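Remarks on the structure that follows.
Here the structure is a predicted model, which means the values were calculated and not measured. Counting starts at 1 for both ligands and their atoms, following the listed order. Positions are given from 1 along the sequence.
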Amino acid sequence: MFVLAAAGSAVGLGNVWKFPYMAGDSGGGAFVLLYFVCIALLGLPVMISEVLLGRRGRSSPANTMRTLAREEGQSPLWGMLGVMGMLTGLLILSYYSVIAGWTLAYVLEAAEGSFSGISAQGVGEIFNRLVADPWRLMFWHTLFMVLTMFVILRGVRRGLEAAVRFLMPGLFLLILVMVVYAVIAGDFLGGLRFLFTPDFSKITPDVVLKAMGQAFFTLSLGMGAIMMYGAYLPEDASIASTSVQVALTDTLIAILAGLAIFPIVFANGLEAGQGPGLIFTTLPLAFGHMPGGTLFGLLFFILLVFAAWTSAISMIEPAVAWMVEKFSFTRFRSSLVCGLIVWAIGAGTVLSFNLWTRVRLLDGTAFEGKSFFDLLDYLTSNIMLPLGGILICLFAAWVMSEPSRRDELRIGHPAGYVLWRFLARYIAPLGVVLIFLHVLGIV
Ligand code: TRP
């Protein structure tokens, strides 16, 4: 159950939508290399720490942190880490749901056969027409939030399991089909070269920050989602090996998505750095020209909606569970309150693609040139998640007593334990802090 839930949370738009467009924006290979390094040196130790705390606390993240702090004789202020995590989750969901809404809209486009025989220009028109219309975006965003809150209302466990067990392998297979198509009809070598030959001159402090943010985002780390699911992990399961399994699966899916997309981009002379619309303006081209493309396209967008759905649930569940515990709300009331807050903030992202394209809230600051959507994404992925992540590591690897964490982790190999502790104590926190300082121009 834990592996399914964690994989369901980790695999989502982050792999299929965000990874390719971030890699495209940041110049390809160098970003991908940094992303691998961040997954291995920061993501994995944080993930192991987060699951460790979750299994020991067995409650919502805010409660877990408070209980564990009490157990270790530490300040109840650690509970604030859970509260910050909930806030981060709600903010991420507010724009994630809008993008999931694009995916829903594309299910309909695919079903109507809009992609068949389409040109690169036609694909661009479909996408631009969609994002230019705030009412349409709002409609699909609302529908996605209703779907998410429906599952949340019924309790997370049921249904989710089946969805992940059957639909994830389906998504995986379809991405493989797309990669095969990219080999046959795309500029596959061009795609490989773009993703795997790092051009080190492309590495700027901002690219490093984004690669780190993407590592946290794609593994769902730093806000308590994985902590929440850690509570489902049985006592005898190995935290380290399940975490490695989840991280590997997640990374593999992102890479395959990249291999499906970039060959199409280069074969059609499209712009790799065009931003968040990337997959929506490339994949339909493939579906429009491959045999059985209408059916594959339909299935693909449906499965992507499911992948987004199981991720979305993990973003909002900590906040819903916390409200039930804290204010004795019924689950219904708590879901309604959280859902409405997220839905309303989502309107800002909807508008940032049309009426507010030129609105820049924080110009003249370090956040120059960022739209509402860009700001939210930057703040949550690149700042709040890594910050949450290092606090989680610090708690697990420094604050918690040695016997408690050794007992909870039970890594078979003594060297494995020491390696995790070293990464979680020093490398991950210092890595994140150094990257922050680097962006601020201090180091
Ligand atoms: N990892 C998911 C994806 O790749 C998104 C996600 C789910 C997430 N839960 C999260 C991101 C918690 C950050 C924090 O699509």
Side-chain angles (χ1 to χ4, degrees), residues 4-23 35 38-39 42-43 46-47 50-51 54 60-61 81-82 84-103 144 148 151-152 156 160 163-164 167-168 171-172 175 210 212-230 243 246-258 276 279 303-321 338 342 376-389 391-392:
L4 285 180
S9 166
V11 176
L13 296 172
N15 309 64
V16 179
W17 159 74
K18 199 172 175 193
F19 171 76
Y21 102 72
M22 297 281 276
Y35 161 79
C38 288
I39 293 272
L42 312 178
V46 174
M47 188 167 212
E50 199 170 327
V51 180
S60 77
L81 175 55
M84 179 180 90
M86 287 175 333
L87 194 71
T88 314
L90 298 181
L91 289 177
I92 294 180
L93 182 55
S94 80
Y95 69 82
Y96 199 85
S97 166
V98 175
I99 312 295
W102 298 359
T103 315
F144 186 78
T148 303
V151 177
I152 289 286
V156 202
L160 196 63
V164 182
L167 299 170
M168 289 292 229
L171 181 64
F172 185 78
I175 295 178
K210 282 183 181 157
M212 170 175 80
Q214 175 63 11
F216 279 91
F217 186 91
T218 194
L219 295 177
S220 310
L221 297 176
M223 54 75 55
I226 293 295
M227 199 184 284
M228 188 101 212
Y229 289 157
S243 301
V246 172
L248 280 180
T249 312
D250 187 81
T251 308
L252 179 67
I253 294 187
I255 294 301
L256 288 176
I279 70 158
L303 290 171
L304 190 54
V305 167
F306 271 101
W309 199 1
T310 53
S311 298
I313 290 161
S314 76
M315 292 171 203
I316 197 169
E317 173 64 21
V320 172
C338 295
V342 170
L376 261 189
D377 181 37
Y378 192 92
L379 183 73
T380 51
S381 309
N382 301 351
I383 301 173
M384 293 169 88
L385 294 177
L387 210 55
L391 290 172
I392 287 169

Notebook entry, point to check: Listed by chain and number, what are the side chain to side chain donor-acceptor pair (under 3.5 Å) partners of S60, not counting sequence neighbours?
Noted result: E325
Check: So, Y96 versus F144, ring centres under 6.0 angstrom or not?
Finding: no
Next item on the list: Scan side-chain atoms only and decide if K18 and S381 contain a donor-acceptor pair under the 3.5 Å cut-off.
Entry: yes
Note to self: Using the salt bridge (Lys or Arg N to Asp or Glu O under 4.0 Å) criterion, which residues pair with D250? Sequence neighbours excluded.
What the structure shows: none
Margin query: So if I only count non-hydrogen atoms and take anything under 4.0 Å from ligand 1, which residues does that give, chain by chain?
Written below: S9, A10, G12, L13, G14, N15, I92, Y96, F217, T218, S220, M223, S311, S314, M315, L385
Margin query: For S314, give me all partners under side chain to side chain donor-acceptor pair (under 3.5 Å), at least two apart in sequence or on another chain.
Written below: S9
Margin query: Under the criterion side-chain contact (heavy atoms from CB on, under 4.5 Å), I'd like the reasoning laid out for M315 against L90: C-alpha separation, chi angles, the key distance, then a yes or no.
Written below: CA-CA 7 Å; M315 292 171 203; L90 298 181; over 6 Å; no
